[in-house]
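Following: one structure in structure tokens, then a few remarks.
Bear in mind the structure is a predicted one, so any value in this text is a computation, not a measurement.
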Amino acid sequence: VASFEQGKLQQAIERHERLLPLVRALFVETNPAPVKTAMAMLGMIPEATVRLPLCALSEASLGKLQAALEAYGLQRQRRTRNSKLVTRNS
């Protein structure tokens, strides 16, 4: 928004286009499931639980979300014994 307000239209368009795949992935299914799943994948919350009538993301949507997070440069997570999802060290 700041780029647009400053008259930097091309920069605003580039930023919008860079964010759009991530935004679409966060809304691939009914919220809050994709957002909570992304937060769990990034280690921000312990797990992505949702209450009924919502359900966990489908495998297809999970793959889309993971790909979008990785394409945006956010680290993929791995499971360990001590926590459900943690940041990859490598």
Side-chain angles (χ1 to χ4, degrees):
V1 175
S3 296
F4 178 80
E5 289 175 345
Q6 295 169 3
K8 300 175 183 175
L9 185 57
Q10 187 58 41
Q11 184 181 52
I13 290 169
E14 289 169 5
R15 289 180 178 178
H16 172 78
E17 289 175 348
R18 183 168 184 252
L19 276 171
L20 191 57
L22 180 59
V23 171
R24 285 188 175 149
L26 290 171
F27 289 92
V28 70
E29 289 186 18
T30 304
N31 259 319
V35 173
K36 290 183 86 171
T37 301
M39 291 176 69
M41 292 171 80
L42 297 172
M44 299 171 76
I45 59 175
E47 59 187 11
T49 57
V50 292
R51 291 179 282 187
L52 292 173
L54 300 177
C55 58
L57 288 183
S58 67
E59 287 297 319
S61 294
L62 185 60
K64 290 177 186 178
L65 178 60
Q66 186 170 350
L69 290 171
E70 290 175 5
Y72 195 71
L74 299 173
Q75 290 186 349
R76 189 175 177 180
Q77 308 300 305
R78 66 177 171 80
R79 295 181 185 275
T80 68
R81 279 188 286 152
N82 297 330
S83 68
K84 299 208 184 240
L85 293 165
V86 295
T87 304
R88 179 176 51 184
N89 294 327
S90 57

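- Counted within 6.0 Å of CD on Q6, heavy atoms from surrounding residues, nucleotides or ligands total more than 12; the atom is thus considered enclosed.
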| Derivation of the side-chain contact (heavy atoms from CB on, under 4.5 Å) call for L74 and E70 | CA-CA 5 Å; L74 299 173; E70 290 175 5; over 6 Å; no
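- Under a hydrophobic-cluster definition in which Ile, Leu, Val, Met, Phe, Trp and Tyr are linked whenever side-chain heavy atoms come within less than 4.5 Å, directly or via other members, V23 and V1 are assigned to different clusters.
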| request: Report the C-alpha separation of L19 and Y72 in whole Å, then their side-chain angles, then the decisive distance to 0.1 Å, and conclude whether the side-chain contact (heavy atoms from CB on, under 4.5 Å) test is met. | output: CA-CA 8 Å; L19 276 171; Y72 195 71; 3.4 Å; yes
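- The minimum heavy-atom distance linking A25 with A68 is given by the pair CB-CB, 3.5 Å.
- Between the side chain of E29 and the backbone N or O of S58, at least one donor-acceptor pair lies under 3.5 Å.
- In this structure, the separation between CG on L26 and CG on N31 is 7.5 Å, given to the nearest 0.5 Å.
- Between the K36 side chain and the T49 main chain, a donor and an acceptor come within less than 3.5 Å of each other.
- We find the CD-OG distance between Q11 and S3 to be 3.5 Å, quoted to the nearest 0.5 Å.
- Side-chain atoms of S61 never come within 3.5 Å of backbone atoms of L57 as a donor-acceptor pair (strictly under, hydrogens ignored).
- Taken together through direct or relayed side-chain contacts under 4.5 Å among Ile, Leu, Val, Met, Phe, Trp and Tyr, L42 and V35 form part of one hydrophobic cluster.
- Taking the side chain as every heavy atom from C-beta outward, P34 and L62 never approach each other to under 4.5 Å.
- Hydrophobic clustering of Ile, Leu, Val, Met, Phe, Trp and Tyr side chains at less than 4.5 Å, counting indirect connections, keeps I45 apart from V50.
- Residues L20 and L9 do not share a hydrophobic cluster, clusters being chains of Ile/Leu/Val/Met/Phe/Trp/Tyr side chains in contact below 4.5 Å.
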| Between E14 and R18, is a side-chain contact (heavy atoms from CB on, under 4.5 Å) present by the stated rule, with each step listed? | CA-CA 6 Å; E14 289 169 5; R18 183 168 184 252; over 6 Å; no
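- By the side chain to side chain donor-acceptor pair (under 3.5 Å) test, R24 is found to be paired with no residue, residues two or more places apart in sequence or in another chain being considered.
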